[in-house]
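Data first, discussion second: the structure below is written as structure tokens.
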Amino acid sequence: MRSVRAGREVAFIALNDGSCLASLQVVAEAGMAGFDEVCRLGTGSAVVVHGVLRPSPAAGQAVELAAERVEVIGPADDAYPLQKKRHSFEYLRTVAHLRPRTNTFGAVFRLRSSLAQAVHRFFAERGFLYVQTPIITANDCEGAGELFRVTVLDPDQPPRCNGKVDFGADFFGQPTGLTVSGQLEGELFAQAFTDIYTFGPTFRAENSNTARHAAEFWMIEPEMAFADLMDDARLAEEFFRYLCRHVLEDCAEDMAFFDAQIEKGLLERVRTVAETSFEVMEYSEAIGHLEKAPVSFQFPVSWGLDLQSEHERYITERVVGGPVFLINYPKDIKAFYMRLNDDGRTVAAMDLLVPKVGEIIGGSQREERLDLLTGRMAGVGIDPASLWWYLETRRWGSTPHAGFGLGFERLIMYLSGMENIRDVIPFPRTPRHAEF
RNA sequence: UCCCCAAUAGCUCAGUCGGUAGAGCGGGUGGCUGUUAACCACCAUGUCCCUGGUUCGAGUCCGGGUUGGGGAGCCA
């Protein structure tokens, strides 16, 4: 129950089961048994109503339920923390066990569910194999500092060997942690199934305190064999625009709510992306635009430096005025697995930049040539022995392949207008927060 | 991790020059013949985040801490 409006002769209950934003109007008349009790029910109560659905004589709803009997299943007293008024998102985070009962969080989590199903449908329609990559991994190639350690050793008295903790005595016989990405395993599967995708939780122990970072979040990572960077960009564009169209069509009521209550102009923004084809721009060209820009940036711009958020937004908002792929970044600012271009100084990387948020998708063509890959790993200090299985795919039947990653929460934020990642995750995990 | 801001009633907030606490919403009570986060009247809200200091006197000024938020870095 969202609210009760009681008069002497008639009472109205706004009843919501979470299936959609709109509540059902229940009408109870004074002659009904238990009418007085119904009038005293508080927001948050659970009831079962028996009655007749009929056209509503008043504006505001097409139909209403004329109650014949109201069963109070679970009453709620006046200490119920949610009132029939607007609360701050900060406050609602402290009652995350109850906030899905609000209009905004109802809309957010319906959108999240619908989007997850649309992601699977998109790839299923295109014959992609869905692979569940491991949550626990011994793969520390992306930097052990940000990995959550997984261990069964006694933290007070771990076994030691030469003064160091002996992970050889641990459950897996080696140091393990929670995965930071399923990409490397996804690449292995692409060499068998051609087109695959992962969609699952990932973890970062980074002490990030921002509205866009969480310690536990979900990522979508497709990988295609026999594909180059432009194939990758085409898939990313098709995927992103598919999801925009999906929420406009299948979540229309909730999207209208976001447009009215969360971000004015959201519908127009999402429609534009759904209808516009994306541009492609070389990193070098972007640097040229930024160097000539008639605005002053906080961070410096020159060839070889990574782009900051302010630069990305300038390119997509001011130069292009829409979504744009930036491609072919300097190799020194990108990951070791990205394919070296023929110029020898850039790699086949792409970032999709969109107005308002900047980068939303990052991807690349992968280095399929064994000698160049081992060379890059040596250059950045990664021991090839630790990734022997990854390298073996380059030894036998190696194909050109490419893929990208999309942070699921950032997609939801983009499509809902919600500005804090803590408010698009049912029970968010951030530094010092693992309640609920 | 760094920088900045904030913390006052259940919630959202105001609180002037340092002089002993306010509003709206919510709640309670009553009223109301169909409401739309109903409306009208009345009633009660309190460890002013904690701690130390300055002062005759601190919600207000200063130091330390805690918690929350914004930004940056890292990135998704």
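Here is how names work: the chains are called A, B, and so on, in the same order as the sequence lines, proteins then strands, and each is numbered from 1.
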Residues at least two apart in sequence or cross-chain that pass side chain to side chain contact (heavy atoms under 4.5 Å, CB included) with A/Y130, listed by chain then number, are A/H120, A/Q132, A/Y197, A/F199

Could you write out RNA chain B as dot-bracket? Rules: Watson-Crick or G-U wobble, both distances under 3.5 Å, brackets [ ] for crossings, | for pairs with another strand, dot for unpaired. (((((((..((((.....[..)))).(((((.......))))).....(((((..]....))))))))))))....

Under the ring pair (Phe, Tyr, Trp, His ring centres under 6.0 Å) test, residues paired with A/F193 that sit two or more places apart: A/F189

Can you list everything that forms a side chain to side chain contact (heavy atoms under 4.5 Å, CB included) with A/M413? Sequence neighbours excluded, please. A/R212, A/I421, A/V424

Measure all distances between protein nitrogen or oxygen atoms and nitrogen or oxygen atoms of nucleotides 3-7 of chain B, and list the pairs falling under 3.5 Å.
none

Contacts of type ring pair (Phe, Tyr, Trp, His ring centres under 6.0 Å), residue A/H401, not counting sequence neighbours: none

What residues in residues 276-286 of chain A put a non-hydrogen atom under 4.0 Å from any atom of RNA chain B? none

With sequence neighbours excluded, tell me which residues meet side chain to side chain contact (heavy atoms under 4.5 Å, CB included) with A/C39. A/A6, A/A11, A/F35

With sugar-phosphate taken as primed atoms, P, OP1 and OP2 and all else as base, the protein-contact string of nucleotides 39-46 of chain B at under 4.0 Å (heavy atoms; B, S, -) is --------

Residues forming a ring pair (Phe, Tyr, Trp, His ring centres under 6.0 Å) with A/H87, sequence neighbours excluded: A/Y91

A/D259 side chain vs A/G265 backbone, donor-acceptor pair below 3.5 Å: yes

Are there any protein N/O atoms within less than 3.5 Å of an N/O atom in nucleotides 66-72 of chain B, and if so, which ones and at what distance?
from: B/G68; atom 1: OP1; to: A/H433; atom 2: NE2; distance (Å): 2.4
from: B/G69; atom 1: OP1; to: A/R93; atom 2: NH1; distance (Å): 2.8
from: B/G70; atom 1: OP1; to: A/N420; atom 2: ND2; distance (Å): 3.0

For A/D232, what residues pass the salt bridge (charged side-chain N to carboxylate O under 4.0 Å, His left out) criterion, not counting sequence neighbours? none

